[in-house]
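Heads up: the structure comes next, in structure tokens.
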There are 2 protein chains.
Amino acid sequence: MENNQSCIRVFADKDQINHCRELLQANGSAFGQLSGLLALAGNEVRLKILFLLEEENELCPCDLSDILGMSIPAVSQHLRKLKDKNVIEGRREGQTIFYSLKQEQLTLFHPFFKHIINNSNIVTV
Amino acid sequence: MENNQSCIRVFADKDQINHCRELLQANGSAFGQLSGLLALAGNEVRLKILFLLEEENELCPCDLSDILGMSIPAVSQHLRKLKDKNVIEGRREGQTIFYSLKQEQLTLFHPFFKHIINNSNIVTV
DNA sequence: TTTATATTTAAGAAGTTGCTTAAATAAGAA
DNA sequence: TTCTTATTTAAGCAACTTCTTAAATATAAA
């Protein structure tokens, strides 16, 4: 931002602005971490994957590809993002890898699943 | 997806796959709508804006620019996205426009604010 | 070992996001 | 009206996302 003659309102409440700055500082990396997780669920495909894992307990990339109607590499790349942020984990059974939700971020994601069910009921009924 | 000889596992559970497809269909546009909202909060700047509006009740683009340390047009463009999805609303007072959270999506976003507070406490204490 | 199956990885293209700068709009004060 | 302040809008650009296709990896079966 090269704009030094920035707006700084005449009636700006300096105390409020400082208080806000401190609020952000006090909460340190929490914003980055949380927004990172929300960005995962902010993609429709990944939200569906999370919802399906909640419902079915575990699913493999192949089945997800079939269910979602998209290529296996595309699904695999979404799963990797979810795994990288500790949202899901995989267990191998022969050639197949079954993915499931990790407990770690479930408290955050759980309300979304209810939100989906509730919202579609309103539309459907 | 041009890949017709798709993976379709030998041991795939056809019933489970069909059940999943129906689950997605039954919930119609809910996934698109919810992921759209989550994508808003999935940006660190916008998450901070939402958090600040929750804390301060209302703030103008100019103050937000000052608090967040970014240009006014950049802030304004984030506010527009939030307004377009009915998450915030503005009221004019002279030349200043004060933005605040709308009740509409508050149930969804409220847990995030608690999450931020809790998470930063863990780190700080 | 060769072949088939399940998954991942990598390179590249197309689309989206989020900033910048400059110009436009809108209201208040001189 | 002209000037200042607050905000929005628009064009352009760099970075990021998400897909595609092809190749690599890993396990199991012939």
Side-chain angles (χ1 to χ4, degrees), chain A residues 1-13 17 31-32 35-36 38-49 58-85 88-100, chain B residues 1-13 17 32 35-36 38-49 58-85 88-99:
Chain A
M1 182 173 60
E2 198 53 78
N3 198 2
N4 286 347
Q5 40 112 339
S6 184
C7 156
I8 310 305
R9 287 157 58 229
V10 177
F11 300 112
D13 182 339
I17 288 174
F31 292 101
S35 64
L38 293 176
L40 286 177
N43 172 285
E44 187 169 349
V45 172
R46 284 191 298 264
L47 186 61
K48 283 178 179 170
I49 291 176
E58 56 178 23
L59 287 165
C60 66
C62 174
D63 288 348
L64 281 169
S65 145
D66 202 358
I67 295 161
L68 296 166
M70 58 194 296
S71 77
I72 291 176
V75 167
S76 180
Q77 282 157 30
H78 282 299
L79 291 172
R80 190 150 125 72
K81 290 190 179 182
L82 293 169
K83 204 173 69 178
D84 285 349
K85 291 237 166 84
I88 63 170
E89 65 189 336
R91 73 170 179 87
R92 172 148 239 149
E93 194 178 302
Q95 304 169 77
T96 308
I97 297 172
F98 290 98
Y99 284 96
S100 57
Chain B
M1 184 173 58
E2 198 53 77
N3 197 4
N4 286 348
Q5 38 112 339
S6 185
C7 153
I8 310 305
R9 287 159 55 231
V10 178
F11 299 112
D13 181 340
I17 289 175
S35 64
L38 294 175
L40 286 177
N43 172 283
E44 186 168 350
V45 172
R46 283 191 299 264
L47 186 61
K48 283 178 178 169
I49 291 176
E58 56 177 24
L59 287 164
C60 65
C62 173
D63 288 348
L64 282 168
S65 146
D66 201 359
I67 295 161
L68 297 166
M70 59 194 297
S71 76
I72 291 176
V75 168
S76 180
Q77 282 157 31
H78 282 300
L79 291 172
R80 191 151 124 72
K81 290 189 178 182
L82 293 168
K83 205 174 66 178
D84 285 350
K85 291 236 167 84
I88 64 171
E89 64 188 336
R91 73 169 178 88
R92 172 147 238 150
E93 194 178 303
Q95 303 170 76
T96 309
I97 296 172
F98 290 99
Y99 284 96

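Every chain is numbered from 1, with letters handed out A, B, ... down the list of sequences.
- Between the CD atom of A:Q95 and the P atom of C:dT5 there is a distance of 9 Å, given to the nearest Å.
- Atom pair B:L68:CG and C:dG18:P shows a separation of 14 Å (rounding to whole Å applied).
- When the P atom of C:dT17 is taken as reference, atom CG of B:L38 falls 15 Å away, rounded to whole Å.
- OP1 or OP2 of D:dT18 has at least one side-chain nitrogen or oxygen of A:N43 nearer than 4.0 Å.
- Among D:dT27, D:dT7, C:dT7, the nucleotide with an atom closest to any side-chain atom of B:P61 is D:dT7.
- Listed pair A:H78 / D:dT17 fails the phosphate criterion, with no side-chain N or O lying under 4.0 Å from OP1 or OP2.
- Atom CG of B:L64 is separated from atom P of D:dT7 by 9 Å (rounded to the nearest Å).
- Nearest-nucleotide mapping onto DNA chain D: of A:G42 and A:G94, the residue sitting toward the 5' end is A:G42.
- Of all nucleotides listed (D:dT7, C:dT9, D:dT8), D:dT8 comes nearest to the side chain of B:S76.
- Within the 3.5 Å criterion, the main-chain N or O of A:K48 finds no donor-acceptor partner in the side chain of A:R46.
- Checking the phosphate oxygens (OP1, OP2) of C:dG18, a side-chain nitrogen or oxygen of B:K81 falls inside 4.0 Å.
- The A:T96 side chain lies nearest to C:dA6 when the options are D:dA6, D:dT21, C:dA6.
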Requested in this report: Apply the test salt bridge (charged side-chain N to carboxylate O under 4.0 Å, His left out) to residues A:R91 and A:E89: give CA-CA distance (whole Å), side-chain angles for both, the deciding distance (0.1 Å), then the verdict.
Outcome: CA-CA 7 Å; A:R91 73 170 179 87; A:E89 65 189 336; over 6 Å; no
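- Remark: C1' of C:dT7 and CD of A:E89 are 18 Å apart, rounded to the nearest angstrom.
- Heavy-atom distances to DNA chain C give each of A:I97 and A:Q77 a nearest nucleotide, and the one nearer the 5′ end belongs to A:I97.
- Taking 4.5 Å as the limit, every side-chain heavy atom of B:D13 sits out of range of all side-chain heavy atoms of B:I17.
- The shortest side-chain heavy-atom distance between B:L59 and B:I49 does not fall under the 4.5 Å cut-off.
- Contact annotation: the side chain of B:S76 never approaches that of B:R80 to less than 4.5 Å [non-hydrogen atoms, C-beta and beyond].
- Using a 4.0 Å cut-off, some side-chain N or O of B:S71 falls inside it from OP1 or OP2 of C:dT20.
- The side chain of A:R92 has D:dT27 as its nearest neighbour among C:dT20, D:dT27, D:dT8.
- Counting only heavy atoms from C-beta on, A:M70 has its side chain closest to D:dC19 among D:dC19, D:dA6, D:dT9.
- Contact between the side-chain N/O atoms of B:Y99 and the OP1/OP2 oxygens of D:dT8 is found at a separation under 4.0 Å.
- A straight line from CD of A:E44 to C1' of D:dT17 spans 15 Å, rounded to a whole angstrom.
- In this structure, A:R91 atom CZ and D:dT27 atom C1' are separated by 15 Å, rounded to whole Å.
- Atom-to-atom, CG of B:D66 to P of D:dT7 comes out at 12 Å; the value is rounded to the nearest Å.
- When distances run from any side-chain atom of B:I72 to the nucleotides D:dT7, C:dT20, D:dA28, the shortest one goes to D:dT7.
- Between A:R80 and C:dT9, a side-chain N or O to OP1/OP2 separation shorter than 4.0 Å is present.
- When every heavy atom of B:I97 is checked against every heavy atom of B:P61, the shortest pair comes out as O-CD, 3.2 Å.
- Between B:R46 and C:dG18, a side-chain N or O to OP1/OP2 separation shorter than 4.0 Å is present.
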